[in-house]
Amino acid sequence: MGKRDIEIDEITQCTECGSENLNQDHERGELVCDKCGLVLDDSAIDQGKDWRSFDSEQDNAKAHSGPASTLMLHDKGLSTGLPFSTRDSSGKNMPMKNRAQWYRMRKWQRRIRVANAVERNLVFALSELDRIASSINLPRSIRETAVVYYKRAIALNLIRGRSIEGVVAACLYASCRKNNVPRTLDEIGDVSKVSRKELGRTYRFLVRSIGVKLLPTSPQDYILRFCSELQVSNKVIAKASEIIKEAERLELTSGRGPTGVAAAAIYIASVVMGERRTQREVAEIGCVTEVTIRNRYKELSARLDIDVNVM
DNA sequence: AAGACGAAAGTGGTTGA
DNA sequence: TCAACAACTTTCGTCTT
């Protein structure tokens, strides 16, 4: 019941994004924003004395002792290794019989440490995964698929030589695509700690290695999300997906970036249904440029006999 | 003034020799 | 490994509403 608890309770809103979904991570002593991942308070550790004291003399004597254990080391900095030696603790030569036992103990000690390393990797990866997933509001099922991929990646020893963050982000990206709720590489790259480029590289390596079959993304998969961000009516959504269907039938989508096609379809639909959004608005949400929207929508309107000017 | 349009040059990734 | 290539972006000037 230190005074820190009280101070933490006073922070109710993220200073960065204003979200009130704050998450107290007692293990790491951090107060974290669920939405953007900002650490609002990283010192939520009770820094008071370890024991109660009953008078001022004891108070001084019983102040903090030694560094706090830390999760940054897999064994919290507390483990002990067994040295390779043929002598015992008093410096005498060890009898043969004991050496074998000593050797076995060393072996198990090593194995336990390895197991801890894997576990620590996983703990770190899962927290990173949760951070990314919650900051872009990915549902639980997506996270679970991503965890499955990640565990497969560990089993295949793919992590070595790559960053944990990178592999985690790649797993999430793959999981999104697998579940037909695609996020773009940019969207995931923005909230993860790795560059878009590295994310793409890791992702390609990942799907090849763990053998997940991923179909190319359809623009259709983006319609709902983009539309809801644009706040257009259901009529526009229906129209947009109708356009996409036609476009796919006429093979106007192959080789084109799905986000560009989706954005153009939404733009056309918004104009046709009388709920015009500017190219810039749609472009921003679709993570493409206005030029791309223009190019796509010229192709689409030409082939689909939609005259945008008549309305 | 804001949005739409289009030309031109630049960028990053894929493909095939 | 390298060059060719298509898609896409960036930038900027012009036209339209």
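As a basis for the values below, the full set of heavy atoms in this structure was taken, side chains included, without hydrogen atoms, waters or symmetry mates. Each chain gets a letter, A, B and so on, in the order its sequence line appears, and its residues count up from 1.
Remark: A:I244 CD1 to A:I268 CD1 distance equals 9.0 Å, nearest 0.5 Å. Between the CG atom in A:L172 and the CD1 atom in A:I142 there is a gap of 8.5 Å [rounded to 0.5 Å].
As rounded to whole Å, 11 Å separates atom C1' of B:dG12 from atom CZ of A:R204. If you measure from atom CD of A:Q279 to atom P of B:dA4, you get 5 Å, rounded to the nearest angstrom. We find that CD1 of A:I293 is positioned 14 Å from P of B:dG6, with the value rounded to whole Å. Between the P atom of C:dA7 and the CG atom of A:D186 lies a distance of 19 Å, rounded to the nearest Å. Rounded to whole Å, atom P of B:dA1 lies 15 Å from atom CZ of A:R280. Nucleotide C:dC15 holds its P atom 19 Å from the CD atom of A:E290, rounded to whole Å. Rounding to whole angstrom units, CD of residue A:E284 and C1' of B:dA4 are separated by 17 Å. When rounded to the nearest whole Å, the span between CG of A:L185 and P of C:dA7 equals 19 Å.
As judged by a 4.0 angstrom heavy-atom cut-off over every strand, A:T289 is placed among the base-contacting residues. Across all strands shown, A:G200 has no heavy atoms under 4.0 Å from either base or sugar-phosphate atoms.
Across all strands shown, C:dC8 is found opposite B:dG10 as a Watson-Crick or G-U wobble partner, with both distances under 3.5 Å.
Looking at the side chain of A:K298, the nearest of the listed nucleotides C:dA7, B:dA4, B:dG6 is B:dG6. When distances are taken from the side chain of A:R256 to each of C:dC8, B:dG3, B:dC5, the shortest belongs to C:dC8. In the set B:dA7, C:dC8, B:dA4, C:dC8 carries the atom at the smallest distance from any side-chain atom of A:R296.
The residue among A:R277 and A:V291 whose nearest nucleotide of DNA chain B is located toward the 5' end is A:R277. Mapped onto DNA chain B by nearest heavy atom, A:T278 and A:R196 fall at different nucleotides, with A:T278 at the one closer to the 5' end.
Ion pairing between a basic and an acidic side chain is recognised when a charged N comes within 4.0 Å of a carboxylate O; A:E284 and A:R277 show no such pairing.
Geometrically, A:R162 engages A:F205 in a cation-pi contact defined by less than 6.0 Å to the ring centre and at most 45° from the axis.
Looking only at atom types and distance, the side chain of A:S195 has no donor-acceptor partner in the side chain of A:E198 under 3.5 Å away.
At the phosphate of B:dC5, neither OP1 nor OP2 sits under 4.0 Å from any side-chain N or O atom of A:R294. Of the side-chain N and O atoms in A:R276, one or more sit less than 4.0 angstrom from OP1 or OP2 of B:dA4. OP1 and OP2 of B:dA4 both lie 4.0 Å or more from every side-chain N or O belonging to A:Y297.
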